[in-house]
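Structure first, then comments.
Values reported hereafter were calculated over all heavy atoms of this structure, with side chains retained and with hydrogens, waters and symmetry mates removed.
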Amino acid sequence: MKKNIVFAFLLLAMLVFMGVSCKSAPSPEETPPEFSGITPVSQNAANDAKARADEARKRAIDFECPAYFPTDWEVTDARYGAASILPKSTAEEVQRAAALFNTVADEFDGLVKKTVQLYAQAREDELMAVRDELIYSGFTSIFPEYLEKADEIALTALDQYEAGDYYAARNSAVAAINEYKTLLVGARVNLIRQEVIDRGFNVYDPGNFDKADDIAVIALDKYEAGDKKAAEASAEEAGLRYSMILSNSWTNYAGDRRKTASSERERALSNKVNIAVRDIYRDAEAIFSQAEETLGEERYEDAAILFTEAEALFAVAGQETEDKRQRALGIIKMATDKIGESDGAALEAEKIIEGDLR
């Protein structure tokens, strides 16, 4: 009987102990939601604040805030980093993180407001520099409609900026700059082509010149069809061909200039220029010798220029010699005339004397 009572007592004690243990250590699933104090609403607010900060930070990067205001950027970005590692285990911690993210977002937005004016001015300066170079090249006087098309894109960017649509304005400004740069490729090709023509170098390689012209026409067709990439590629190929003609032609041109300078030099020597006008001839001879040395160094463009200068000086020396010769002949003629006049006067005097004697 006594054993039964003890057994019952032990069993009761074990059941009570187990019940207390279960209540003192509830499973995670049994923990009520309000235990940590974090509610779905507060958690969403923290997530929204971080998303807002992320977007503001991206805007700041897109408009180059770190470059324009590096110190302000470093401070704000450090706060962003601090907000990202804050603990978020309790409602109070979540609220603190949300508040800091919102503060950081405001600071990033403030940076963007300060930067966007500077950024827009930089894009405008870049745009105008390319546009001015394009106009200066003379290309737009040949194709004014191309400039008008690029200008329309630039004006669209201005309208978007003034309306506060900064991303659209940025994209339009970049598009306008790219349009001007594409046209500038064509303008530079045209300048090289015009130099070939002005110097008369197209006669040295007419076949390659005609081929370059054909490719240049293809480039224009591609541009008008809207295929800017293909247009640039064709224009660059045409430019390479014109440049090759220009480079190779200097060799031939230098040889031609040497021939004409040599001919002028020989003419000067045959006319005794080296005696009549020594100083001019000496200068021409020095330049001619320098041209010969430069040609030997394969500096064809410089050699051609020097031969041209020497040729001009030999011609000047020849003209000076001819002028001197003409002046000398005039003096001789005057002297001869005076001698003739003197002889006539003597003859007349003799006649008078003979008359008086009679």
(message) To the closest 0.5 Å, what do you measure between CZ (Arg241) and CG (Asp213)?
(response) 11.0 Å

(message) Could you check whether Lys114 makes a cation-pi contact with Phe69, meaning its NZ or CZ is under 6.0 Å from the centre of the six-membered ring and within 45° of the ring axis?
(response) yes

(message) Evaluate Phe209 against Tyr242 for ring-ring contact (aromatic ring centres under 6.0 Å, His included), listing each step before the verdict.
(response) CA-CA 7 Å; Phe209 184 81; Tyr242 291 130; 5.7 Å; yes

(request) Test the Lys228-Tyr146 pair against the cation-pi criterion, namely NZ or CZ under 6.0 angstrom from the six-membered ring centroid and within 45° of the ring axis. (result) no

(request) Hey, can you tell me if Phe201 and Trp250 have their rings parallel, tilted or perpendicular (30° and 60° cut-offs)? (result) perpendicular

(message) Less than 3.5 Å apart, any donor N or O on the side chain of Tyr300 or Asn252 sitting next to an acceptor on the other?
(response) no

(message) Between Glu145 and Lys149, does any side-chain N to carboxylate O distance fall below 4.0 Å?
(response) no

(request) Identify, with sequence neighbours excluded, every residue that meets side-chain contact (heavy atoms from CB on, under 4.5 Å) alongside Leu147. (result) Arg131, Leu134, Ile135, Thr140, Asp151, Tyr180

(message) Can you give me the closest heavy-atom contact between Ala219 and Ala235, atom names plus distance?
(response) CB-N, 3.6 Å

(message) Check whether Phe63 forms a cation-pi arrangement with Arg170 (NZ or CZ under 6.0 Å from the six-membered ring centre, at most 45° off the ring normal).
(response) yes

(request) Can you see which heavy atom on Ala49 is nearest to which on Asn102, and at what distance? (result) CB-OD1, 3.6 Å

(message) Nearest 0.5 Å, please: how far is CD in Glu285 from CD1 in Ile287?
(response) 10.5 Å

(message) Are Tyr253 and Tyr204, when compared by the centres of their aromatic rings, separated by less than 6.0 Å?
(response) no

(message) Closer than 3.5 angstrom, by distance alone: can the side chain of Glu93 be matched with the main-chain N or O of Thr90 as a donor-acceptor pair?
(response) yes

(message) Measuring centre to centre across the rings, with the benzene-like ring taken for any Trp, is Trp73 within less than 6.0 Å of Tyr68?
(response) no

(request) Report yes or no: does Asn178 contribute a side-chain atom to a donor-acceptor pair with the main-chain N or O of Val174 at less than 3.5 Å? (result) yes

(request) Nearest 0.5 Å please: distance from the CD atom of Glu264 over to the OG1 atom of Thr260. (result) 8.5 Å

(request) May I ask you to say whether Lys181 pairs ionically with Glu126, meaning some side-chain N is under 4.0 Å from a carboxylate O? (result) yes

(request) Tell me whether the guanidinium CZ or amine NZ of Arg267 lies under 6.0 angstrom from the six-membered ring centre of Phe314 and within 45° of its axis. (result) no

(message) Looking at Arg52 and Asp48, is there a salt bridge between them, counting it only when a charged N and a carboxylate O are closer than 4.0 Å?
(response) no

(message) Under a 3.5 Å threshold, yes or no: a donor from one side chain and an acceptor from the other, between Tyr80 and Asp54?
(response) yes

